Structures are given as structure tokens and as C-alpha cells.
Amino acid sequence: MKNNGPQSATPTARLPKCPTGIRGLDEITSGGLPRGRPTLVCGGAGCGKTLFAVEFLVRGAVQFGEPGVFMSFEETDAELKSNVASLGFDLAGLVRRNKIVLDHVHIERSEIQETGEYDLEGLFVRLNHAIDSIGARRVVLDTLEALFAGLPNEAILRAELRRLFRWLKDKGVTAVITAERGREQLTRHGLEEYVSDCVIVLDHRVNDQIATRHLRVVKYRGALHGTNEFPFLIGEEGLSVLPITSLGLNHKVSNARISTGIPRLDAMLGGRGFFRGSSILLTGTPGTGKTSVAAYFAQAAARRGDRVLFFSFEESPNQIIRNMRSIGLRLEPLVQRGCLRFHAARPTLCGLEMHLATMFREIAAFQPAVVIVDPITSLLAAGADFETKGMVTRLIDFLKGGQVTSLFTSLTQSGHALQQSEIAMSSLMDSWLLLQDFDGNGERNRVLYVLKARGMAHSNQVREFLISNRGIDLVDAYIGPSGVLTGASRVAQAAREKAETLTSQQEAARRKRELERKRATLEQQIAGMRSEYKTEEAELRRTDEQVGTRTRVLTAERTELARLRQADAIRAASRTPGKPKPKSKR
Amino acid sequence: MRTSKTTRATKAFEKALATRPTGRCVLRLYVAGATDRSRQALLRVRKLCETELNGEYELEVIDVYQQPILARNGQIIATPTLVREYPRPMRRFIGNLSRTAGLIVGLDLETKGKGAV
């Protein structure tokens, strides 16, 4: 009993998988195709069935050391080799090194005549021989349905196909069987009836003149798989199915912050700028300076030594460099130093997923720390709404997975600052800056808001956003009773305020002066009074002196008189030193 | 000029049509092992060749189990398969040759074979 639990759980949980090596597909199927079983790949003409099959074999041989047999019912060996050589698959070399066996089965209906009972043992023998000759682990039958065209007896054929798939399973090879898409069923001849383990449908649709390939895992017995339709494309390195990354939400996060390149903007974002590895949306109406902010951010990052990849979908790199020079940014040296790389493409050049794949490839090649997409709205025009959201999700996931900080600019129409698609997109973004135009007093002025900044205290205030030949500057917009004032009205308001201040200053100065004068007058008065007082005092003293003198004179005269009269009383008094003697001499 | 050339070519073509190709008929029979079906096919083709071709034939029997590479080179899918390598064009007859009528037509034996069948 004890052992039963884990044992019974193990086989269901661990269905052996055979990795295809096709980018994205192994993620969708969580590991690859069912090992040792046949997989049916069906789709219409030009869907990439053969390429899928070839890539499965080539990657198996090159990456996983599993030799393979390619049995082609349509293309000859030479055709096949040259067809896939353009995708960088060296089929001829692999055949030479006994990694892959090509066997072209030629069926010419006009040569064949049926004369009785038969079976397809010849095909089995050939396949068996091919598998055994190199010890193949993988087999491709492309397109098996050609047999239906070549052999008249369908009853025999069906019986033999059933035997073939049984035989392939017994042989233990992982097989890919391609088939044409049927009208009402998955394949034209109902092959899905025989291949019951894994069915993949490829599709090629044209929407609004843009062709998109899709892949869907219709059935995968015994395993979890993504059931969605995933866009895939045939690039220079073969097939890639998107998403490249898983759609789980388990990114590592960083607490490091990186500057926006605009000090005042950093200040608005809690003083230190964006989080490293976060995604930033920058929306704005035309001409609000989105590219300039993006370029500032790019320059700041590149100067710090981070690698910056700038995807431009509107301007050519040279144009951006020239335009940014006019606001004081020198991007050229950064490009030359290899810190900054531009990738410019017209949005209408190709479909959305082709753009996405190109971006993935560029990002993988350049390994940037900062990615700028200017503007993402150009890309959105290249696909339907739900597709673009999916694409942006994938892109953001991919970037976040690699701790790449990403800045997306987004163009909005005037008056519709928050468009539908942006609301959808904004939920994916960590920070959202809004650039807006203010129209009034015969001029347009730019303002900047931080609409959201997850995980940091950010300013809720509007800032006026100035672009001059010295660069970007943020200034406090005037917020008063008449609303937010920017530009000339802000300047006028400032001037008015300045004038008022000046007036009050002057008033104060005048009062001060007046007071000063009053004080001076007062002091003058005090001084006058004092001098008057002094005069009086001097007068008094003089009078006093005069009085004294007169008294003395009078006394002397009286004494003299008394002496002359020889008064005794006065004699005694005149014996005081000095005076009586000279007077006596005299 | 042109008309005389054309008439000459037409005459040559008609002549070629009138005469049967000379030389021996080269046949290959691919079988998969010594099954009943293989044996039936072999017996029937031998009998047919003897009666219809008066021994003017070469018959090679190939067992694809023993020589799988020949199955590949001969573009064999079904077994048994009888291949007429010569005269051209190449013809393939798949099955155990139980329906000889088709075989006789296919091997261009009808002119001689009318009396026999």
C-alpha cells in the first residue's frame, strides 16, 4: 500500500518528452513531443509543416544527439536540402555525417497499376532500414497523405497506416507525421484517427492584409499543454513559437533604482527614479516630448554604462540623434562606444509577431539593461487589439525575466488621453507617466504627471515640462484660484506676483524712509532743544559769573572803602594773604 | 522545307508505332519474405511470362527483407510489386497479380495475348 501511491503517480506525472528544440514549443508542451509516439502536424498549404518537421529532426540531431529519418513523399532530397539551407540548416552535412537519412518516396500514380492484394511492407522495410542504418530516434513522414493520391485502394491503405503507427510506436521512435488540413476534419484523409497521442495544428491567416501563422496543440494525451493559439513565425533561425518565455508571474525583482536622467523627474519618483527591471509607460499626445524623455532616459542609462537598445518605429536613428542634439543630448558617442544601439523598422514592414521575434532576437543578441520602444502604438496598429496586448505581455514578461528595464512610449490622440488600448496595457506597466498639452492664452504648454509608480512614493503633482536647447526641465506649474497656469500665463502670473512683491517692498521701504525722516526730525528737534538748553545754561553760567564778579568787586570796593575809612573790622579781615600787602605797598 | 521535314518525322513515328519494341522484357519482382502472397505473385508472373513472352524475358526476384537498399533504390512502397524496367515506360504492378487482365494490358501484351487469354 505504501508503495502504491508514488508508483501510480509517477507514470502519469512523468510522460517522457522529446524536446523539439523549436523555440517556444517546448514551453507550450512543457517539454516537447511525446517520446516514442507519433505526433500529427497538420495545416494548410504554406503553413510550415515541412519546416516544422525538418527543424524537429535537425535540432534533434544537432542539439539532442538523436539521429533522425526524414521520409519525404513530396520533395526530393535535393529540393529539401536546398529549401532548408536558406534557414541555416545544414541538412546535407548532417546526411554526410550519418545524423540524418533522407528518403524520398516517389509515387507516380500513372505508373502504378493495381493487380491484387498487397501491403505496404516495402515502405516498412525502407523505413526500418533507414532507422537501423543510423540508429535513428526520430522519424518524420512528410506528407503521408500523398499515399492516398498514389495508391488506389483506400481500404488497404488505412489498414496499413494503422499498422504503420503501431509499428512506429513499437519501434520506440518519436515520429512527426505531417498532413494536409481537411475541410471538416483536421486532416484531409482523417489521419488523426490513427495518431491519437499528440495533434498540432498549424494555421496561416490573413487579417487586415497581415499574414500571421498560428500554432495550436489540439491534443496531447497524458500531458498538460497550452491550448491557446500561439503565433509562430519562420525566421532566419527556423521556427519560433511565441511566447518564448512562460506566462507565469514569477519574475525576480530588484530593489535597485535607476535615474530617469531628469533630476526633477527622479525627485517626483521618490527621489531615485525607476526600479531596475520595471516597465514604464510614457503616454502623450503628439509633440509632447515622449521621444525626448525616452532619449534622456537612454542617455542617462548609457552614461552609467548600461547597454541600451532603442527600438524606433517612427524615426531613423540618425534623425533621432540629430533631433536630440537640438535639446542638448549627445547620443552619437554613446552609439560609437556601443552602449546604445538603435533598431529602426517600419511598423508596417511585417506582422506583429515578426516584429516581436525580431525584437527578441535583438535583445538576446545585445543583452541590454534598458530597452526603449518608441512608440509601442505604431506596433499596435499592426495587429488586432487582443493580439497586441498578448504581444506586449510577452515582451514585458521577456524583459522582466531578464531584469531589463523597459520604457514604452505610447501616442494618444488629443482629447483622448487614456485610450482603450492603453488602459489595457497600463495594467501591465509598473510606472505610467503622462505628458499632456495645455492649450490656452494662444499657446500650448506641456505638463507631466506621474499617473502611477508601483512600489514608490511618488509626487501627485503636475509639473510643467519645458524643452529648451539646454534640455528638459521640469518646473512647478502655478496652481492658484484660476487653475493650473503654465507657460506664458505662468510667467505672467509670476511677473504679477513679482510686481506685487516689488510694490509691497517699495511701500515698506518708503515707510521705513519716512520713519527715518521722522526720527531725524525728532532728533533734530531734540538737538535744537538741547542746544537751546545749552545756550540757556551758558547764559545762566555767565550770569552767575557776572554776579560773582560783581559781588567780589563790590566786596573789594567795600573793603577798600573800609580800609580807606580804616575800619577795624575790615582790617582783621584784610589780613588774608596777598592782597593787603601789595595794596599796602601801593 | 518545313512540310517535308514534318512528313518525314511523322512517317518515322508511325513506323515506330507499328513495330513492337525489340529486345527482351526486363522484369523485377519485389517481394517481402516468403509469404503466400509473394509465392502467388511469383508463380503468376512466371506463368504469364512463359505463355505470353515465349521466354523472351528476364525476371529478377528481390526480397526486400534481405536487400532493403534495393527497395529504396527501386522506390518500392507496396509488396509485392512487379516492375517492368524495359521496355520503357516503366510500369509498376502492385498486388499479388490475381487480376491478370490489367497486367496484360499494362505489359502491352494484348496484341499477342488475345488468343491465349
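Protein chains get the first letters and strands the later ones, always in sequence-line order, with residue 1 at the start of each. Everything numeric here is computed off the predicted structure, so don't read it as measured data.
Side chains of A/D103 and A/S72: a donor-acceptor N/O pair is absent below 3.5 angstrom, by distance only. Checked by atom type, the side-chain pair A/R158/A/Y194 shows a donor-acceptor distance below 3.5 Å. A side-chain donor-acceptor contact under 3.5 Å links B/Q75 and A/R126.
A/L147 touches chain B through its side chain: at least one heavy atom from C-beta onward sits under 4.5 Å away, while N, CA, C and O do not. If you measure heavy-atom distances from A/I156 to chain B, you find no contacts under 4.5 Å at all.
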Compile the donor-acceptor pairs under 3.5 Å between side chains in residues 92-100 of chain A and protein atoms, sequence neighbours left out, one pair per line.
none

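A donor-acceptor pair under 3.5 Å is formed between the side chain of B/R84 and the backbone N or O of B/P89. Remark: the backbone N or O of B/N96 is paired with a side-chain donor or acceptor of B/R44 at under 3.5 angstrom.
Between A/E79 and A/E74 the shortest heavy-atom distance is OE1-O, 4.4 Å.
Of the listed residues (A/N128, A/L102, A/L127), the one with the most heavy-atom contacts under 4.5 Å to chain B is A/L102. Of the listed residues (A/L123, A/I112, A/D119, A/N153), the one with the most heavy-atom contacts under 4.5 Å to chain B is A/D119. Ranked by non-hydrogen atom pairs under 4.5 Å with chain A, the options B/L82, B/I94, B/I76, B/I69 are led by B/I94.
Contacts with chain A (heavy atom to heavy atom, under 4.5 Å) involve these residues of residues 30-41 of chain B, listed by number: B/A32, B/R37.
At least one side-chain heavy atom of A/L40 sits less than 4.5 Å from a side-chain heavy atom of A/T187.
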